[in-house]
Amino acid sequence: MLQLPEKLLRALKLLVLLICLGPAGVLVWKGFHDLLGANPVDVITRTTGRWTLTFLLITLSITPLRKLARMPWLIRFRRMLGLFAFFYGSLHLMTYVWLDKFFNVPEMLHDIAKRRFITAGMTAWALMLPLALTSTTGWIRRLGGKRWQKLHRLVYLSAAAGVVHFIWLVKADLRRPLTYGAVLAALLAFRIFAWGMGKARSRAAMTLPKTELDGQRLITKS
């Protein structure tokens with residue numbers, strides 16, 4: 001099992017933080033240099049949307065990678081990556097609300113009701129909101145570990161809604177959204193497999209003492 005020194009972990013967290021800010025920094029730089037093309041709102045919307053899904057899937061990949069590679073220190077990065085998923089999701093939403101619709105609430109409500117990909121996107125962001133708000137250690141203590149873990153399983157529903165949002169948005173070339181969907185399906189399959197293995201181990205642990213006791217009774221009787 002690979003363990004890293006605390007100083008190295010802090011340096012890695014700073015490096016990951018800077019990398020996570022990279023896509024937003026590139027958008028800002030391109031904006032100041034008029035490099036966002038003929039439709040900058042569309043570029044910002046699509047870029048922030050893709051990075052939202054990317055960070056959601058990276059966040060969900062932490063636990064499988066941590067277990068398979070036996071690198072428990074990876075858990076130290078999960079909260080940061082999850083918050084960056086929410087950060088880019090919020091930028092994606094604000095691009096629509098501010099730059100696209102100019103806070104026109106009736107028009108946005110009409111879009112939500114009539115355009116199903118927007119409904120799916122709003123659902124994905126709404127599911128991320130309680131996860132971001134309860135991501136602190138204080139909230140883990142308030143909710144208790146088990147209830148906090150149950151709440152944070154909403155991340156799978158949020159990612160699924162995000163993939164559906166992407167599929168319904170693009171309509172024609174489905175290669176990229178289906179790739180996201182395949183990665184999410186693989187992560188869900190791992191989660192279900194790990195859950196099944198845990199249940200099997202629990203049942204084995206419960207039946208083993210009984211089996212040993214029955215064996216002792218047979219020896220005594222004989």
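Within the 4.5 Å cutoff, the side chain of F84 has no heavy atoms near those of the I58 side chain. With a 4.5 Å cut-off on side-chain heavy atoms, L151 and R147 do not count as touching. The side-chain heavy atoms of L93 and M122, taken from C-beta on, include a pair separated by under 4.5 Å. At least one side-chain heavy atom of L9 sits under 4.5 Å from a side-chain heavy atom of R76.
Note on ring orientation: taking the six-membered ring where Trp is involved, the planes of W73 and F77 are perpendicular (angle over 60°, cut-offs 30° and 60°). Using cut-offs of 30° and 60° for the angle between ring planes, the H165 and F117 rings count as tilted.
Other residues, nucleotides and ligands contribute at most 12 non-hydrogen atoms within 6.0 Å of the NZ atom of K150. Other residues, nucleotides and ligands contribute over 12 non-hydrogen atoms within 6.0 Å of the CZ atom of R142. The local environment of CZ in R153 is crowded, with over 12 non-hydrogen atoms from other residues, nucleotides or ligands closer than 6.0 Å. The neighbour count for R66 CZ, taken as heavy atoms of other residues, nucleotides or ligands under 6.0 Å away, is above 12. Counted within 6.0 Å of CZ on F32, heavy atoms from surrounding residues, nucleotides or ligands total 12 or fewer; the atom is thus considered open.
Taking CD1 of I62 as the start and CG of L57 as the end, the distance is 12.0 Å to the nearest 0.5 Å. Once rounded to the nearest 0.5 Å, the distance linking CD1 of I118 with CG of D111 reads 4.0 Å. Here the straight-line distance linking atom CH2 of W139 with atom CG of L133 works out to 8.0 Å at 0.5 Å rounding. Expressed to the nearest 0.5 Å, how far CG of L65 lies from CE of M71 amounts to 4.5 Å. In this structure, the separation between NZ on K101 and OH on Y96 is 5.0 Å, given to the nearest 0.5 Å. To the nearest 0.5 Å, the span separating CH2 on W98 from CG on L91 amounts to 11.0 Å.
In this structure, the side chain of Y88 engages the main chain of A24 through a donor-acceptor pair within 3.5 Å. Here the side chain of T48 pairs a donor or acceptor atom with the backbone of T45 at under 3.5 angstrom. Distance alone, capped at 3.5 Å, is enough to place a donor-acceptor pair between the T119 side chain and the I112 backbone. Proximity of a side-chain donor or acceptor of S158 to a complementary backbone N or O of L154 within less than 3.5 Å is not detected.
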Please test T95 against D100 for side-chain contact (heavy atoms from CB on, under 4.5 Å), starting from the C-alpha separation and ending with a verdict. CA-CA 6 Å; T95 303; D100 191 9; 5.8 Å; no
Using side-chain contact (heavy atoms from CB on, under 4.5 Å), reason through R176 and R50 one step at a time and then give a plain yes or no. CA-CA 9 Å; R176 181 169 285 179; R50 285 196 300 268; 2.8 Å; yes
Pair R79, T136 - check side-chain contact (heavy atoms from CB on, under 4.5 Å), show working. CA-CA 9 Å; R79 178 174 175 266; T136 62; 3.9 Å; yes
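Hydrophobic cluster membership is shared by V183 and Y180, with clusters built from Ile, Leu, Val, Met, Phe, Trp and Tyr side chains linked at under 4.5 angstrom. In this structure, L8 is a member of the same hydrophobic cluster as M80, with clusters built from ILVMFWY side-chain heavy atoms closer than 4.5 Å. The cluster map of Ile, Leu, Val, Met, Phe, Trp and Tyr, joined by side-chain heavy atoms under 4.5 Å apart, puts L157 and L129 in the same cluster. The cluster map of Ile, Leu, Val, Met, Phe, Trp and Tyr, joined by side-chain heavy atoms under 4.5 Å apart, puts W51 and L21 in the same cluster. The cluster map of Ile, Leu, Val, Met, Phe, Trp and Tyr, joined by side-chain heavy atoms under 4.5 Å apart, puts Y156 and L81 in different clusters.
Closest approach of P177 to I167, counting heavy atoms only: CB-CG1, 3.6 Å. Scanning all heavy atoms of the two residues, the minimum distance from C20 to F55 falls at SG-CE2, 3.4 Å. When all heavy atoms of A85 and L56 are compared, the closest pair comes out as CB-N, 3.8 Å. Here the closest non-hydrogen pair linking L27 and T47 is CD1-CG2, 3.9 Å. In terms of heavy-atom proximity, V97 sits nearest to M108 at CG2-SD, 3.7 Å. The two residues W148 and T134 make their nearest non-hydrogen contact at NE1-O, 2.7 Å.
L35 shares a hydrophobic cluster with W29; the chain of contacts runs through ILVMFWY side chains whose heavy atoms sit under 4.5 Å apart.
Looking only at atom types and distance, the side chain of T63 has no donor-acceptor partner in the side chain of R191 under 3.5 Å away.
Between W125 and F86, the ring centre distance stays below 6.0 Å.
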